[in-house]
Amino acid sequence: MNIPKRLKILSHTIEVDFQENLWHEENVWAQCNYRNNTIKIQSNTATIPRSDSQLKASFWHEVFHYVFYYLQKPKLEKNETLVDSIGQI
């Protein structure tokens, strides 16, 4: 599976962007921004090596934050353990 540059969740289009310095700037592997409908993912670089499975897990982790957010399930949306577990499937 290739990570798409954009995807639709319900009626919302989410843009996906790979960042080379996200880990250094934000101290996260990935993040979503609900106002801008974006997902940022730390890319695989020489100084921050990430495997394909790590990139995919980060992508799915953020996708499920969006799913629960748009389903108006704030407790699930904020449950990092749940979102991380689903993202690993």
Side-chain angles (χ1 to χ4, degrees):
M1 177 219 151
N2 291 328
I3 296 174
K5 294 189 183 281
R6 71 181 52 83
L7 70 144
K8 284 197 93 128
I9 299 175
L10 301 173
S11 63
H12 305 276
T13 301
I14 312 300
E15 301 288 329
V16 180
D17 186 36
F18 285 90
Q19 304 279 306
E20 291 192 6
N21 292 312
L22 187 61
W23 177 254
H24 294 302
E25 293 171 2
E26 302 290 337
N27 201 31
V28 295
W29 294 118
Q31 65 182 187
C32 54
N33 183 314
Y34 301 122
R35 288 184 187 199
N36 297 331
N37 279 344
T38 59
I39 293 174
K40 293 180 183 178
I41 301 172
Q42 172 61 53
S43 60
N44 179 29
T45 66
T47 57
I48 308 171
R50 302 198 69 212
S51 68
D52 283 345
S53 63
Q54 289 172 317
L55 294 171
K56 290 174 187 173
S58 292
F59 169 75
W60 286 112
H61 175 106
E62 300 306 328
V63 166
F64 280 100
H65 274 300
Y66 269 106
V67 168
F68 293 134
Y69 177 80
Y70 285 124
L71 290 175
Q72 298 180 11
K73 302 292 183 187
K75 288 183 181 178
L76 297 176
E77 181 260 324
K78 291 178 181 11
N79 186 330
E80 288 294 325
T81 302
L82 172 67
V83 171
D84 204 44
S85 296
I86 295 171
Q88 299 293 325
I89 295 176

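The shown structure was predicted, so the numbers you read here are calculated from the model rather than taken from an experiment.
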Once rounded to the nearest 0.5 Å, what's the spacing between atom [atom1] of [X] and atom [atom2] of [Y]?
| X | Y | atom1 | atom2 | answer |
| --- | --- | --- | --- | --- |
| I9 | I14 | CD1 | CD1 | 5.0 Å |
| D52 | F59 | CG | CZ | 13.5 Å |
| H12 | L7 | NE2 | CG | 11.5 Å |

### Query
Who passes side chain to side chain contact (heavy atoms under 4.5 Å, CB included) against S51, sequence neighbours left out?
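For S51 the side chain to side chain contact (heavy atoms under 4.5 Å, CB included) partners, ignoring immediate neighbours, are S53, Q54.
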### Query
For T45, what residues pass the side chain to side chain contact (heavy atoms under 4.5 Å, CB included) criterion, not counting sequence neighbours?
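Listed in chain order: E20, Q42, S43, T47, I48.
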Minimum side-chain heavy-atom gap [X]-[Y] below 4.5 Å:
| X | Y | value |
| --- | --- | --- |
| V28 | L22 | yes |
| D17 | T38 | no |
| N44 | P49 | yes |

### Message
My understanding is that only residues two or more places apart in sequence, or in another chain, count here; which of them pass side chain to side chain donor-acceptor pair (under 3.5 Å) with Q31?
### Response
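Counting only residues at least two positions away or on another chain, Q31 forms no side chain to side chain donor-acceptor pair (under 3.5 Å).
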### Query
Who passes side chain to side chain donor-acceptor pair (under 3.5 Å) against N79, sequence neighbours left out?
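Applying side chain to side chain donor-acceptor pair (under 3.5 Å) to N79 gives none.
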### Query
Who pairs with E15 by salt bridge (Lys or Arg N to Asp or Glu O under 4.0 Å), at least two apart in sequence or on another chain?
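For E15, the residues satisfying salt bridge (Lys or Arg N to Asp or Glu O under 4.0 Å) (neighbours in sequence not counted) are R6.
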### Message
For I3 versus V16, what's the shortest heavy-atom pair and its separation?
### Response
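Minimum heavy-atom contact is CG2-CG1, 4.0 Å.
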### Minimal non-hydrogen separation, L71 against L10, with atom names
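Shortest heavy-atom separation between L71 and L10 comes out as CD2-CD1, 4.5 Å.
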### Task
Quick one: which residue pairs count as a side chain to side chain donor-acceptor pair (under 3.5 Å) with a foot in residues 21-30, not counting sequence neighbours?
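Sorted result for residues 21-30: empty, none.
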### Message
I need the full list of side chain to side chain donor-acceptor pair (under 3.5 Å) pairs touching residues 58-73, with sequence neighbours left out, sorted by first then second residue.
### Response
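For residues 58-73, and leaving out neighbouring residues, the side chain to side chain donor-acceptor pair (under 3.5 Å) pairs sorted by first residue read N37-Y70, R50-S58, H61-H65, H61-E80, H61-D84, H65-E80.
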